[in-house]
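Contents: one structure, followed by commentary.
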Number of protein chains: 2
Amino acid sequence: MTTETGRRVRRPGRGTGSLLEVAVGEFITRGYDATSMEDLSRAAGITKSSFYHHFSGKEALLRAALERALDRLFAILDEDGARTGSPLARLRHIVREQVEVLVDELPYVTLLLRVRGNTESERWALERRRAFDAQIATLVGEAVDAGEVRAGVEPTLAARLLSGLVNSVVEWVRPGRSSSSLPEDVTRVAFEGILPAAAP
Amino acid sequence: MTTETGRRVRRPGRGTGSLLEVAVGEFITRGYDATSMEDLSRAAGITKSSFYHHFSGKEALLRAALERALDRLFAILDEDGARTGSPLARLRHIVREQVEVLVDELPYVTLLLRVRGNTESERWALERRRAFDAQIATLVGEAVDAGEVRAGVEPTLAARLLSGLVNSVVEWVRPGRSSSSLPEDVTRVAFEGILPAAAP
DNA sequence: GTCTATAAATCGATAGAC
DNA sequence: GTCTATCGATTTATAGAC
């Protein structure tokens, strides 16, 4: 892509980092499979061959993006708030931080949540994601066993719906346009009910 | 695809209906963009050309599948339980029936929920889906105005998280393997909280 | 309604010059 | 680090015989 004066147009800085950023953007809007290397290089303002000089191919780009999202998510589990306190308190911390990461790394996490496991990189990412969800499910079970929550439904179902609710944020949140109270709001809804009956 | 005796293998009956069923299955497992007409015809046990005799192309198949899912969802809004009673009661009815449809039409609804609006058919489906969600959001607002629920968060956020929670069922439910109480369980979790604090 | 054969375009990826 | 040129495979879709 060139301007009318013939100068090249590349959006961010240089380096492989900005190429990854551009690629993830294309993957999100066109879908990974529907995005060609031609699309990527056009969006980056270089030729296809130049793009191959920085990344070995499409899947390497996907893998790098998924790794970034997963690393951010797993980092939450290492924080103090996720390791100390009651199971319920740790759960609330993790949920709040998870929303924070969703907003902060929106395109990367969005890509991760769309992965279905059709390539080697996707299966790798899917396994790590399931390990993350499994840790949350364990914590839900501990909160129930500790008598911290009313035992309404199966802990397994609760954990799945909790993840589903939290992850659905990527479907409508807009980068840079999210309220600073969103993580706390989502956490409150998740634990106190979306529409709790009014006290009589 | 042939058996060792040379007979053709086609899974269900004949007709365009079974071809659509086969195609949707392939779309789900491979992803729509990654599925070729060759893949579809191989899965159906006929040649590519024969497939084109029944459907004008890939997008016609997608459109037919999305229409089926949307018709089932909108039919819920016409039921008595969705039109009479308090806003909260109507909401609960819709959510329960929505889970029922998700399980009943799992592959079709799964496809619908993956649509991102990159083709004309996808944009059409996305608009109808948003209209469905908008009706639910309106109902949530009415329930809040009527004082039926504790006004905890913005009704808009509540409606989005409600849809997110409900739709996430397609991520893990397995056809024919879902508990008959699932719709009621999901509804209870959605309205009373995923992990409501235990009464002191 | 099914088939073989093929057109026309695009795909991911590479060779090799500068 | 960027480019032009191209390879071989695959893609959607059609022509036309049976």
Side-chain angles (χ1 to χ4, degrees), chain A residues 1-3 5-27 29-66 111 115 118-122, chain B residues 1-3 5-24 26-27 29-66 111 118-122:
Chain A
M1 191 186 289
T2 53
T3 64
T5 56
R7 273 181 297 103
R8 296 256 166 241
V9 203
R10 179 114 46 95
R11 261 71 68 122
R14 312 270 148 160
T16 60
S18 77
L19 289 181
L20 181 60
E21 196 180 323
V22 167
V24 171
E26 293 293 300
F27 289 159
T29 56
R30 298 174 188 265
Y32 174 73
D33 290 312
T35 305
S36 70
M37 289 298 289
E38 181 71 38
D39 292 328
L40 296 184
S41 44
R42 195 182 308 115
I46 57 178
T47 63
K48 211 166 32 159
S49 290
S50 296
F51 213 113
Y52 274 105
H53 180 76
H54 298 282
F55 286 91
S56 62
K58 249 176 86 170
E59 197 168 351
L61 283 155
L62 178 62
R63 163 95 189 206
L66 298 177
L111 207 53
V115 153
N118 293 320
T119 69
E120 203 50 56
S121 297
E122 292 193 4
Chain B
M1 193 187 286
T2 54
T3 64
T5 57
R7 273 180 297 104
R8 295 257 165 241
V9 204
R10 179 113 47 94
R11 261 71 68 122
R14 313 269 147 161
T16 59
S18 77
L19 289 181
L20 180 61
E21 196 180 323
V22 168
V24 171
E26 293 292 301
F27 288 159
T29 56
R30 298 173 187 266
Y32 174 74
D33 289 312
T35 305
S36 71
M37 290 297 289
E38 182 71 36
D39 293 328
L40 296 184
S41 44
R42 194 183 308 115
I46 57 179
T47 63
K48 216 167 24 162
S49 290
S50 296
F51 213 115
Y52 274 106
H53 179 75
H54 298 282
F55 286 92
S56 62
K58 250 174 83 171
E59 197 168 351
L61 283 155
L62 179 61
R63 164 95 188 206
L66 298 177
L111 208 54
N118 293 321
T119 69
E120 203 50 57
S121 296
E122 292 193 6

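Proteins get letters first, then strands, A, B, ... in listed order; numbering begins at 1 in each.
When all heavy atoms of B:Leu66 and B:Ser121 are compared, the pair lying nearest together is CD1-O, 4.1 Å. In terms of heavy-atom proximity, B:Met37 sits nearest to B:Tyr52 at CG-OH, 3.4 Å. What you find for B:Asn118 and A:Gly31 is that their closest heavy atoms are ND2-N, 4.3 Å.
Residues of residues 48-64 of chain B that place a heavy atom closer than 4.0 Å to DNA chain C, in numerical order, are B:Ser49, B:Ser50, B:His53, B:His54.
For the pair A:Met37 CE and D:dA5 P, the computed distance is 20 Å after rounding to whole Å. Rounding to whole angstrom units, CD of residue B:Glu38 and P of D:dA9 are separated by 15 Å. A straight line from CG of A:Asp33 to C1' of C:dT10 spans 15 Å, rounded to a whole angstrom.
Heavy atoms of B:Ser41 sit nowhere under 4.0 angstrom from any nucleic acid atom.
The side-chain heavy atoms of A:Leu111 and A:Val115, taken from C-beta on, include no pair separated by under 4.5 Å.
In this structure, A:Thr47 reaches the D:dC3 phosphate: one of its side-chain N or O atoms is under 4.0 Å from OP1 or OP2. Using a 4.0 Å cut-off, no side-chain N or O of A:Ser36 falls inside it from OP1 or OP2 of C:dT10.
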(Q) Working note: B:Glu59 + B:Thr119, criterion side-chain hydrogen bond (donor to acceptor under 3.5 Å, both in side chains); need CA distance, chi angles, decisive distance, verdict. (A) CA-CA 8 Å; B:Glu59 197 168 351; B:Thr119 69; 3.1 Å; yes
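Residues meeting the side-chain contact (heavy atoms from CB on, under 4.5 Å) test with B:His54, sequence neighbours left out: B:Thr16, B:Leu19.
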